[in-house]
Amino acid sequence: MIWNPEAETMPVEERKELQLERLKQQVKYVYEKQPAYRAKMDKVGIKPSDIKSLDDLRKLPFLTKADMRDNYPYGLFTVPLKETVRVHSSSGTTGKPTAVGYTREDIDVWAEVMARALACGGATPESVIQNAYGYGMFTGGLGIHCGAEKMGCTVLPASSGQTKRQLIYLQDFGTTMITCTPSYCLHLGEAGAEEGVDFKSLPLKYGVLGAEPWSEVMREKIEQSVNIIATDIYGLSEIIGPGVANECLEQKGMHIFDDHFLPEVIDPETGEPLPPGQEGELIITTLTKVCFPAIRFRTRDITSLLDGPCPCGRTHIRMSRITGRTDDMLIIRGVNVFPSQIESVLLEVEGVEPHYLIYLRREGALDDMEIHVEVSEKVFSDEVRKLEKLEKKIQEEIQGVLGLSARIKLVEPRSIERSMGKAKRVIDERKI
Ligand code: ADP
Ligand code: ZN
């Protein structure tokens with residue numbers, strides 16, 4: 001089903017008019033209420049009244065992660081906390097999270113686009129949705145949740161992890177749709193097979209999977225392993241959370257809900273807009289956000305826009321799978337991590353040298369992280385017991401700061417290859 005046919009099948013020309021009208025309003029609102037962005041506009045000498053066509057968008061400055069950090073935590077909010085009904089966060093580059101806020105209207109828009117997304121992936125009000133995205137400060141859990149409730153589905157707020165329990169819910173509670181990261185879905189399939197779960201006999205039919213990069217090969221594996229039709233969902237907390245875009249059952253690119261989020265793809269080096277079909281960095285401008293509107297936010301995600309009609313009838317423009325990032329952010333078990341975060345944890349530990357190598361592998365369906373860390377001569381000649389203690393300490397620090405478990409291997413001084421140029425810190429052997 002199409003959740004909101006009027007909005008989702010609107011003729012493209014009509015939507016362009018709507019986008020322009022909303023863009024003008026949003027830019028004016030931001031200029032008046034978000035001093036940090038106003039300063040950027042003033043710097044390049046552009047006023048809200050200069051926005052007369054959608055093409056004028058390119059005159060506006062970019063909003064970046066650095067702007068978020070500079071205004072941490074609430075500096076980009078345009079309303080007082082009294083009017084902010086919720087705050088979420090995503091992990092940041094320096095170990096400090098970024099904060100994003102929502103008014104009641106923002107939560108309503110989020111529920112609306114999430115309902116559209118779930119419908120794209122096969123949900124109807126009759127669906128029983130087992131939501132295995134993490135609930136908490138991350139936007140995944142609550143974002144999916146509010147969209148599913150808005151549609152009138154039955155939601156199982158299972159949250160992430162606890163695989164044995166997830167399998168029990170899947171078998172006992174009549175789950176028809178699973179929502180989680182693709183790697184976790186694959187893991188559920190493997191764990192289920194070990195437990196003798198017969199997925200073919202279950203009512204489970206659809207999966208709305210995202211929050212991390214995956215591939216067509218992985219989609220096939222997942223679809224076979226848990227017997228579902230799997231669609232790709234995209235979103236990011238800076239824009240709203242999950243529900244910025246979702247594939248329809250045609251599985252040919254994700255429809256961007258572009259009456260709320262105006263996309264562009266640019267050349268990340270020059271900042272110049274690229275035509276549909278060409279790969280570059282995705283830029284999103286929110287059109288209806290209140291608490292934290294974002295004009296030309298640089299997502300750092302690499303994709304391309306796909307023009308042309310879709311057999312499903314939706315007229316929302318589509319984007320291809322995310323193929324990478326312009327920065328070095330890693331997504332490990334759905335958690336965003338920058339190598340620099342790991343580095344800063346390591347370097348606070350005594351006896352550790354500033355040489356390390358992060359190995360990422362996929363063990364079964366789950367990401368596995370092993371970090372090789374060089375230690376000083378003195379430490380390395382210590383007793384095994386002491387070395388083990390140090391490994392454990394580093395492991396705990398990483399877990400504490402990043403919320404991720406990692407295996408630590410202390411290695412001999414000077415055993416990690418030195419680089420002549422940019423140091424190679426990550427060996428990503430995950431095949432996705
Ligand atoms: P989330 O909690 O959904 O991961 P964050 O704001 O913490 O939200 O992270 C957003 C980032 O996650 C995106 O910028 C993108 O790099 C990645 N991401 C989200 N959805 C997808 C997807 N479907 N495919 C690839 N990467 C994705
Ligand atoms: Zn479609």
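Throughout, residue positions are numbered sequentially from 1 according to the sequence presented. Here the structure is a predicted model, which means the values were calculated and not measured. Counting starts at 1 for both ligands and their atoms, in listed order.
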Peer 1: Does Trp214 reach ligand 1 with a nitrogen or oxygen that is under 3.5 Å from one of the ligand's nitrogen or oxygen atoms?
Peer 2: no
Peer 1: What distance separates Ile178 CD1 from Gln130 CD, expressed to the nearest 0.5 Å?
Peer 2: 4.5 Å
Peer 1: Does Pro242 come within less than 4.0 angstrom of ligand 1, counting non-hydrogen atoms of the residue?
Peer 2: no
Peer 1: Where the closest heavy atom to atom 18 (N) of ligand 1 is concerned, which of Ala211, Gly136, Gly140, Pro97 has it?
Peer 2: Ala211
Peer 1: Any non-hydrogen side-chain atom of Thr176 less than 4.5 Å from a side-chain atom of Tyr206?
Peer 2: no
Peer 1: What's the SG-the Zn ion (ligand 2)-SG angle here (Cys310, Cys248), rounded to 10 degrees?
Peer 2: 110°
Peer 1: As an exercise, state the distance from CD1 of Ile222 to CD of Glu220, rounded to the nearest 0.5 Å.
Peer 2: 11.0 Å
Peer 1: Please could you name the atoms of ligand 1 that Ile331 approaches to less than 4.0 Å, counting only its heavy atoms?
Peer 2: 12 (O), 16 (O), 17 (C)
Peer 1: Hey, is there an N, O or S on Cys312 sitting under 2.8 Å from the Zn ion (ligand 2)?
Peer 2: yes
Peer 1: Any non-hydrogen side-chain atom of Arg318 less than 4.5 Å from a side-chain atom of Met254?
Peer 2: no
Peer 1: Side chain, backbone, both or neither: which part of Arg325 has a heavy atom under 4.0 Å from ligand 1?
Peer 2: side chain
Peer 1: If I take atom CG from residue Asp368 and atom CZ from residue Arg333, how far apart are they, to the nearest 0.5 angstrom?
Peer 2: 7.0 Å
Peer 1: Who pairs with Tyr184 by ring pair (Phe, Tyr, Trp, His ring centres under 6.0 Å), at least two apart in sequence or on another chain?
Peer 2: His187
Peer 1: Pull out every atom of ligand 1 sitting under 4.0 Å from any heavy atom of Ser90, numbered as shown with elements.
Peer 2: 6 (O), 7 (O)
Peer 1: Checking side chain to side chain contact (heavy atoms under 4.5 Å, CB included) against Asn131, which of Ile144, Leu156, Leu142 comes through?
Peer 2: Ile144
Peer 1: For ligand 1, is any non-hydrogen atom under 4.0 Å from Leu236's backbone (N, CA, C, O), its side chain (CB onward), both, or neither?
Peer 2: both
Peer 1: Taking 4.0 angstrom as the limit and counting only heavy atoms of Tyr234, give me the atoms of ligand 1 inside it, by number and element.
Peer 2: 20 (N), 21 (C), 23 (N)
Peer 1: Going by the salt bridge (Lys or Arg N to Asp or Glu O under 4.0 Å) test, name the single residue among Arg69, Arg296, Arg300, Lys65 that passes it with Glu238.
Peer 2: Lys65
Peer 1: At a 4.0 Å threshold, what atoms of ligand 1 neighbour a non-hydrogen atom of Asp232?
Peer 2: 22 (C), 23 (N)
Peer 1: Evaluating non-hydrogen atoms only, which member of Val208, Thr303, Ile233 is closest to atom 23 (N) of ligand 1?
Peer 2: Ile233
